[in-house]
Amino acid sequence: MIEILAQYPLAYLHSDGRQLFVRAVIAWLIAASLAIDFTLSGPLLVVHVLANRWLSIPVGVSTYGIRGIPLYVKLSLICTGVYGLAFVRSHEWLDAFFRSGYHCTVLAFGLNTCAYTTKIFAGAIRMTPYGKVGAARAYGMPQLTLYLRMILPSALRRALPAYSNEVKRMLHASTVAFTATVGCPGARRPVVRLLG
């Protein structure tokens with residue numbers, strides 16, 4: 001039984017020595033996109049919720065714009081549009097980055113899920129009942145303690161169902177990665193080639 005459990009993940013994370021199979025590529029794609037999401041959405045969330053209007057408005061507009069463009073269009077713009085710029089082609093590391101269909105896909109997925117995560121958590125923070133916040137302030141709780149003990153835990157409880165749906169949506173959208181990057185003129189090879 002232990003041997004079966006030890007060999008089970010190998011069927012999902014398998015390589016033939018040259019490239020990874022589809023399941024492994026999807027797992028790495030989602031993990032890398034979530035890493036970009038966690039890195040960018042935290043600071044954007046703080047600016048969007050806590051900062052003054054002049055900082056909050058650009059974050060709101062950019063997340064609205066990113067969420068308003070379909071993922072396939074974003075991926076096509078990053079694959080073809082960004083690679084078509086002379087500035088990108090003149091720098092060696094940018095040229096290498098945007099030539100890879102995998103890098104373009106991770107960037108598009110990461111930016112897409114970052115915009116949704118920022119809005120999900122910002123909405124959850126704004127939905128904190130004012131009575132809770134007012135009671136904590138009347139008690140004399142400092143702002144940092146208020147956020148760490150009252151606002152963020154309750155916002156996390158409200159945001160987790162919507163965020164889990166976002167991760168599922170990203171898993172379902174992974175099919176876009178395999179269709180869009182095949183036609184990338186800048187990409188040397190698509191995200192994955194299915195082996196027979």
Heavy-atom pair of closest approach, residues [X] and [Y]:
X	Y	value
Ala122	Leu45	N-CD1, 3.3 Å
Leu111	Leu40	CD2-CD1, 4.1 Å
Val88	Val82	CG2-O, 3.3 Å
Leu71	Ala108	CD1-O, 4.1 Å
Ala124	Ala155	CB-O, 3.4 Å
Thr118	Cys114	OG1-O, 2.8 Å

Output yes when a side-chain donor or acceptor of [X] lies under 3.5 Å from a complementary backbone atom of [Y], and no otherwise.
X	Y	value
Ser41	Asp37	yes
Arg67	Thr63	yes
Ser62	Pro58	yes

Applying the 4.5 Å side-chain criterion to the ILVMFWY set and letting contacts propagate, would [X] and [Y] be lumped into a single cluster?
X	Y	value
Ile125	Tyr64	no
Phe38	Trp28	yes
Trp54	Val59	no
Val49	Ile151	yes
Tyr102	Ile26	yes

Could you list the residues that satisfy side chain to side chain donor-acceptor pair (under 3.5 Å) with [X], not counting sequence neighbours?
X	result
Thr128	Arg158
Asn112	Lys74
Tyr116	none
Ser33	none

Check your understanding: Are any of the side-chain heavy atoms of Leu34 and Met170 separated by less than 4.5 Å?
Key ->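 Side-chain contact under 4.5 Å: yes.
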
Test ring pair (Phe, Tyr, Trp, His ring centres under 6.0 Å) applied to [X] - qualifying residues, sequence neighbours left out:
X	answer
Phe97	His103
Phe87	His91
Tyr163	Phe121

Practice item. Kindly state each residue pair satisfying ring-ring contact (aromatic ring centres under 6.0 Å, His included) with at least one member in residues 124-156, sequence neighbours excluded. Key: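 Checked against ring-ring contact (aromatic ring centres under 6.0 Å, His included) - neighbours excluded - no pair reaches residues 124-156.
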
Exercise for review: Output all residues satisfying salt bridge (Lys or Arg N to Asp or Glu O under 4.0 Å) with Arg169, sequence neighbours left out; order by chain, then residue number.
Suggested key: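 Salt bridge (Lys or Arg N to Asp or Glu O under 4.0 Å) check on Arg169 returns Glu166.
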
Review point. Atom CD1 in Ile36, atom CG in Leu107: separation rounded to 0.5 Å?
Key: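 So the gap between those two atoms works out to 6.0 Å.
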
Check your understanding: Could you go step by step and tell me if Leu44 and His48 meet the side-chain contact (heavy atoms from CB on, under 4.5 Å) rule?
Key -> CA-CA 6 Å; Leu44 288 175; His48 190 52; 5.9 Å; no

Check your understanding: Other than Leu77, what residues sit in its cluster of Ile, Leu, Val, Met, Phe, Trp and Tyr side chains whose heavy atoms are under 4.5 Å apart, directly or through others?
Key ->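 Same cluster as Leu77: Ile69, Val73.
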
Check your understanding: Got a sec, which hydrophobics cluster with Ile57, joining ILVMFWY side chains under 4.5 Å apart, including via others?
Key ->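 Via sub-4.5 Å side-chain contacts, Ile57 links to Val61.
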
Check your understanding: According to the salt bridge (Lys or Arg N to Asp or Glu O under 4.0 Å) rule, which pairs have a member within residues 129-152, sequence neighbours left out?
Key ->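 Listed once each, the pairs would be none.
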
Exercise for review: Kindly determine whether Ser56 and Val47 satisfy side-chain contact (heavy atoms from CB on, under 4.5 Å), including the steps that lead there.
Suggested key: CA-CA 6 Å; Ser56 179; Val47 169; 5.6 Å; no

